[in-house]
Protein chains: 2
Amino acid sequence: MKLCYKIWLDNNGKAFGEGPYDLLKRVDRLGSLSKAAREINMSYNQAWKLINMLEKRLGFKLLQREVGGSQGGGSFLTEEARELMDKYGKFSRESEEALNKLYQKYFLNDI
Amino acid sequence: MKLCYKIWLDNNGKAFGEGPYDLLKRVDRLGSLSKAAREINMSYNQAWKLINMLEKRLGFKLLQREVGGSQGGGSFLTEEARELMDKYGKFSRESEEALNKLYQKYFLNDI
DNA sequence: AACCGTTATACTTAATTAAGTATAACGAAA
DNA sequence: TTTCGTTATACTTAATTAAGTATAACGGTT
């Protein structure tokens, strides 16, 4: 038996969560949404749709896009994306700690 | 923007969570799975499949069933179901508190 | 001008999950 | 023995979600 959970921010649908957080981390490192998607075996199409949906729900841009050029272009985090990720990262980490602590408290002896 | 989350126990698939907890609470009050299901606009079929799945994954019975008789029969919580629900209820309540506190800490000023 | 790896977007298909339908056994009570 | 409201279970259908396919614009570099 194990504990499972999903936590997300919602605004007329999922607006941010662990998946997007991870994806954007990779975009930041790689400078490209398509590279980031590829790294986790997600199609670019899927990643693009995800980011677009989130931006609509959040009401601000997560990525600054550049199209064309010798490297084809790229995507980079906006300042607002960084702020959100910073908050969400801390929130997520502390949430995990809290839930695991409670799980141990109540389900220590296997059920 | 609001916080959303789902928390569940897993053992080769979802083995217990908020939905089953609520359903079993009603079974306890009504003495019938079909009545409990009806109360939350869930088909009996659906409720039955749910409970059966949970029992398989948990490895013990949640309901003691009685078939036939003037009232048709009924379902009643097993002792193990009561113990699990007691633990889960407290765990769930404290988890909610903890998560809401963390959400306020990080996302107080609307994003 | 041709190439290349991006972003952008519509459209289709598959997979998974949820919901519904249909039957039947049970057993006390009338 | 008929009725009634349960539990039990297989089978089908619908709905939702996820995944895939196809096409095009962009703009440095060669």
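Convention: sequence-line order gives letters A, B, ...; per-chain numbering from 1. Values below: all heavy atoms of this structure, side chains included; hydrogens, waters and symmetry mates excluded.
Remark: B:R93 CZ is loosely packed, at most 12 non-hydrogen atoms of other residues, nucleotides or ligands lying under 6.0 Å away.
Among the protein residues, A:K35 comes within range of the sugar-phosphate backbone only, with heavy atoms under 4.0 Å from sugar or phosphate atoms but none that close to a base. The residue B:S32 sits close only to the backbone: its heavy atoms come under 4.0 Å of sugar-phosphate atoms, none of a base.
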- Task: Begin from the C-alpha positions of A:F16 and A:L24 and carry the test side chain to side chain contact (heavy atoms under 4.5 Å, CB included) through to its verdict.
- Result: CA-CA 11 Å; A:F16 205 75; A:L24 290 181; 3.8 Å; yes
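Map A:G69 and A:K49 each onto its nearest nucleotide of DNA chain D; the residue landing nearer the 5' end is A:K49. Residue whose closest nucleotide on DNA chain D sits further toward the 5' end, between A:N41 and B:V67: B:V67. Between A:W48 and A:G73, the residue anchored closer to the 5' end of DNA chain C is A:G73, taking for each the nucleotide with the nearest heavy atom.
Residue pairs meeting the salt bridge (charged side-chain N to carboxylate O under 4.0 Å, His left out) criterion with at least one partner in residues 5-21 of chain B, sequence neighbours excluded, do not occur; the list is empty.
Here C:dT6 presents its C1' atom at 14 Å from CD of A:Q64, a figure rounded to the nearest Å.
Shown here are the side chain to side chain contact (heavy atoms under 4.5 Å, CB included) partners of A:E83, two or more places apart in sequence or in another chain: A:E79.
Without hydrogens or angle criteria, B:R57 side chain to B:N12 main chain gives a donor-acceptor distance under 3.5 Å.
For DNA chain D, the outermost nucleotides in 5' to 3' order that have an atom under 4.0 Å from a heavy atom of chain B are D:dG5 to D:dA10.
Taken to the nearest 0.5 Å, the CZ atom of B:R65 stands 7.5 Å off from the CG atom of B:L33.
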